[in-house]
Chemist: 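To start, I am sharing the structure in question, which I have written as structure tokens.
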Amino acid sequence: MNKSSQILLEATHLKKTYDGGLVQAVHDVSITLEKGKLYVLSGRSGCGKSTLLHLLGTLDTPDSGTIHFEGKAFESMDSLTRFRRENLGFIFQFHHLLPLLSLRENVETALVFCHKFSDTEHRERVDSILMDVGLEDRMHQYANLVSGGERQRAAIARALVTHPKLILADEPTGNVDSITAKAIMEILRNRIQDEESTVLVATHDPLVRAYADTIFYMEDGHIQRVENAH
Amino acid sequence: MGKIRTSKGAVIYMVGIRDFWQVAHKLNLTLIQGRPYHNEYLEAVLSSRLLHVNHLEVGDTFPAANDINLTIVGAYSAWLSLMNNMIICSDTALQKILGRPGKTNMLFLTLHDPLESDKIIERINKKYPNLRALPSRDLASQIGTLTSLTKMLDVIALIALGVAIIILMSTFVMATYMRMRQIGILSAIGWPQPMIVVLFVIESAFLSIAGGLVGLTLSAGILIALRTFFPNIAFYLPETLSQHVMLMSLLMSIVVGAVAAILPAYQAVRKPIVEALRDE
């Protein structure tokens with residue numbers, strides 16, 4: 001397989017400013033993500049990790065620069081909503097579950113408009129993913145009545161259930177203890193092996209770096225250094 | 001029942017009825033001075049306001065027609081100000097004043113089962129073409145002053161409804177804005193924007209139906225309570241809530257709820273997802 005067919009996402013010269021250009025959140029960042037790898041964006045709070053993640057996940061638009069996903073530019077896509085639904089999985093620091101739904105229902109929300117699987121496959125996939133994240137006994141609990149770790153596991157299940165090509169995780173271990181953090185990273189690592197997804201984790205947690213294939217070190221909106229772990 | 005016009009042009013309603021206490025009970029009138037009239041004489045009980053305005057007292061006479069004077073034997077007061085503009089005398093006295101001896105123009109029937117009223121009205125109207133039977137709730141529409149009053153009440157009701165709609169809308173708008181983050185989450189995981197709007201509209205419509213049903217239940221309860229504990233005003237109230245009223249109320253609830261949700265939900269889905277997710 002040649003190198004270009006291995007590339008999942010390629011971003012070049014991304015720039016994003018806020019407050020009329022006063023705050024440069026992301027400045028001239030170019031980044032390439034290959035299929036089936038786990039990447040870590042490391043850096044202190046406010047260095048631009050989350051902004052870059054949002055740009056790569058189509059949750060925000062860059063002021064300049066281009067992003068290609070499997071060779072196709074974001075600008076040329078018919079529907080970014082459908083693109084997100086079919087190709088991306090998001091894990092947020094504060095889990096962002098819908099509080100009045102059960103954990104299972106929260107996971108199912110990601111599948112409502114996803115037409116990759118049949119109804120039977122939907123159910124099997126939800127059951128399987130909830131088992132993978134260790135929530136098979138807690139799936140019918142409401143999201144606002146479970147622990148932070150369980151919420152984050154449910155958020156991971158929601159991100160993985162659609163079998164996304166790219167999983168974007170913003171500080172997924174930020175609000176959990178070290179044991180849960182390790183469990184979360186194991187789940188993501190296994191997902192890469194089982195379903196060949198690509199994972200990009202923005203974090204300042206040193207524990208997460210141990211699971212990375214490649215680490216991008218960010219500072220003041222730039223990628224200062226790239227480190228290949230293997 | 002009839003009306004006369006005074007020399008100053010004021011319209012005064014006259015009620016001729018055999019038993020003063022019957023009308024007093026029905027219309028919640030209180031005899032505050034004097035006594036009821038005797039049927040055989042040209043006597044009358046006037047409202048205290050009418051006495052005051054015309055500088056009259058119990059014992060004076062009232063020129064009801066060119067050559068007929070009524071002796072004022074009593075004064076009454078009424079809680080409903082509309083009722084404070086009447087002269088009440090015997091039916092024979094009123095027939096004499098109006099020049100229509102032996103004639104009557106209104107009969108009140110009290111039914112054992114009020115729910116049967118529509119059927120009975122239909123039978124009377126069919127059997128006696130010269131009579132016109134109508135339910136007490138429609139009486140107001142047959143009397144000019146009451147018609148004006150009910151129209152005024154309709155306007156007040158419309159204003160109240162408008163205020164209620166504005167409050168309901170602002171509540172829904174606030175409720176939708178407070179769930180901005182949830183809208184952001186659904187957008188982030190790929191829900192189509194129109195479906196998010198539809199979801200909020202359906203939810204609001206269901207909430208509105210629930211609110212409408214609660215309102216109707218309360219209205220029915222209040223109506224029963226009013227008819228039970230205030231028999232004097234039961235005369236002016238419908239026996240039950242009509243199907244038309246119930247249907248319109250529910251329909252209005254749904255429409256108001258749905259319309260109130262559309263705009264904020266639409267604005268919320270148009271907001272950048274990152275901003276929506278940051279919303280507290």
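Residue numbering restarts at 1 for every chain, and letters A, B, ... go by the order of the sequence lines.
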Chemist: Taking the side chain as every heavy atom from C-beta outward, state whether A:R158 and B:I185 have any atom pair closer than 4.5 Å.
Modeler: yes

Chemist: For atom CD of A:E121, is the number of surrounding heavy atoms from other residues, nucleotides or ligands below 6.0 Å larger than 12?
Modeler: yes

Chemist: Hey, which residues of residues 47-74 of chain A are touching chain B, say heavy atoms under 4.5 Å apart?
Modeler: A:H54, A:L59, A:D60

Chemist: For atom NE2 of A:H115, decide whether the heavy atoms of other residues, nucleotides or ligands shown that lie under 6.0 angstrom number more than 12.
Modeler: yes

Chemist: Within a reach of under 6.0 Å around CD of A:E186, are more than 12 heavy atoms found that belong to other residues, nucleotides or ligands?
Modeler: yes

Chemist: Tell me whether the count of non-hydrogen atoms from other residues, nucleotides or ligands lying under 6.0 Å of OH in A:Y217 goes above 12.
Modeler: yes

Chemist: Should we say atom CE of B:M252 is surrounded by more than 12 heavy atoms from elsewhere, each under 6.0 Å from it?
Modeler: no

Chemist: Quick one: pull up CZ in B:R181 and CG in A:L98 and give me the separation to the nearest 0.5 Å.
Modeler: 11.0 Å

Chemist: Considering heavy atoms only, which positions within residues 79-88 of chain A lie below 4.5 Å of chain B?
Modeler: A:T81, A:R84, A:R85

Chemist: Is atom NE2 of A:H122 surrounded by more than 12 heavy atoms (other residues, nucleotides or ligands) closer than 6.0 Å?
Modeler: yes

Chemist: Is the number of heavy atoms from other residues, nucleotides or ligands under 6.0 Å of A:E75 CD greater than 12?
Modeler: yes

Chemist: Return the CG to CZ distance between B:L277 and A:F92, rounded to the nearest 0.5 Å.
Modeler: 5.0 Å

Chemist: Could you grab the distance from atom OG1 of A:T109 to atom CD1 of B:I189, nearest 0.5 Å is fine?
Modeler: 3.5 Å

Chemist: With a 6.0 Å cut-off (strictly less than), is the heavy-atom count around CE of A:M131, excluding the residue itself, greater than 12?
Modeler: no

